[in-house]
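In what follows, a structure is listed as structure tokens, so that the remarks can point back to it.
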Amino acid sequence: MSYKIVVLPGDGVGPEVADAAMSVLVATSGVFDLSLEFDNHAFGGAAIDACENPLPTETMAACKVADAVFLGAVGGPKWDGAALRPEAGLLGLRAGLNLFANLRPVDVHPALVEYSPLRPERVSDVDILIVRELTGGLYFGKKNREGDNASDLCKYSKFEIIRVARIAFEAARGRKNHVTSIDKANVLETSRLWRETVTALQKKEFPNVELRHELVDSAAMKLITSPGSYDVVLTENLFGDILSDECSVLSGSIGLLGSASLGSGRLGLYEPIHGSAPDIAGQNIANPVGAISSVAMMLRHSLNAPKAAQAIDNAIYSALENGVRTSDLGGAFSCSQMADEIQNRIFAD
Ligand code: IPM
Ligand code: MG
């Protein structure tokens, strides 16, 4: 059986990191005897330029029948202020594929501790998995603009909270068995529903997973003062957007981190969490590790190949340990050279 992978290179450094990640995926599929088919499609600003739609109908149709989708990056100053924005394509893709859970792992490689803005003793034990709700809340509530007034509705249902919380609790079982649910229950009604629902789910289905609730403002502070005290972080869409960027700097470079957006089936969307970085686009200097980590997540969550995923994680670890670095980490390797170094370290066991 062959898996269909849709590749959306997108904008800025997206195409470069997508090429780098796909070269590692192809090499890994050879080592692990996986059969993969690749199909590239227009998306984001590139698709606005080509056909005035950030999420063309053909792209959406191809994603719907794929086993996994890889996205490079979307957006850039070129489309700022335009009526059609590349980001709308990303929101449309998440909603259209019903990818309600966004997983963003943050850890700190021992060889890169010095690149973190925090003191080494604070980051050495960081291993956080952020589980962000991705298709609800302020991002998708009714928007209104009338004269000098504007509003965005924040709406959540129990159903939406339960399905993403379940993913967080299940993930915690394979980790340190701890979930921190982050909300603003002292002010927001949606947060009160969130807290009640998560508490009830834990009691009913996950009594052995420890649950702690935190308010988002104090959590934003504690994620910096004691990041090692978190395991799985569960939160709603906007808080998750903000806190995941905050946490990304702990690792030393935003270029290192990958992500998975999942729904109720096997189909997932995988993308590095760095943006399109237009200032360095086209120079082959972007860090491909976030994109390559996303491919490892794809193998794990969509392609049923956990050993191949582990082989990629090990190869990244070994490359970084041996001083293979792009310029964001003080190195001189190009994006494609870094990918080659990782690819040459993929072994079957
Ligand atoms: C992210 C990004 C997106 C978001 C943007 C590009 C719409 O910031 O994936 O975190 O806000 O979700
Ligand atoms: Mg974001």
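Read the numbers this way: they start at 1 and go in the same order the structure lists the ligands and their atoms. A quick note: this is a predicted structure, and the numbers were derived from the prediction, not measured.
- Arg212 has a carboxylate O that lies under 4.0 Å from a charged side-chain N of Glu214, or vice versa, which qualifies the two as a salt bridge.
- At a cut-off of 2.8 Å, Asp241 is counted among the residues with an N, O or S atom near the Mg ion (ligand 2).
- The aromatic rings of Tyr317 and His109 sit tilted relative to each other, their planes meeting at an angle between 30° and 60°.
- Grouping the Ile, Leu, Val, Met, Phe, Trp and Tyr side chains by contacts below 4.5 angstrom, directly or via other members, places Leu267 apart from Ile5.
- Cluster membership check: Val17 does not share its hydrophobic cluster with Tyr270, using side-chain heavy-atom separations under 4.5 Å among Ile, Leu, Val, Met, Phe, Trp and Tyr.
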For ligand 1, which of its N or O atoms have a protein N or O partner closer than 3.5 Å, and how long is each gap?
| from | atom 1 | to | atom 2 | distance (Å) |
| --- | --- | --- | --- | --- |
| ligand 1 | 8 (O) | Asp241 | OD1 | 3.2 |
| ligand 1 | 9 (O) | Arg94 | NH2 | 2.7 |
| ligand 1 | 9 (O) | Arg104 | NH2 | 2.8 |
| ligand 1 | 10 (O) | Arg104 | NH1 | 3.2 |
| ligand 1 | 10 (O) | Arg104 | NH2 | 3.0 |
| ligand 1 | 10 (O) | Arg132 | NH1 | 3.2 |
| ligand 1 | 10 (O) | Asp241 | OD1 | 2.9 |
| ligand 1 | 11 (O) | Tyr139 | OH | 2.5 |
| ligand 1 | 11 (O) | Asp241 | OD1 | 3.4 |
| ligand 1 | 12 (O) | Arg94 | NH1 | 2.7 |
| ligand 1 | 12 (O) | Arg132 | NH1 | 3.3 |
| ligand 1 | 12 (O) | Arg132 | NH2 | 2.8 |

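- The pair Lys143-Asp152 meets the salt-bridge criterion, since a charged nitrogen lies less than 4.0 angstrom from a carboxylate oxygen.
- The pair Glu196-Arg192 does not meet the salt-bridge criterion, since no charged nitrogen lies less than 4.0 angstrom from a carboxylate oxygen.
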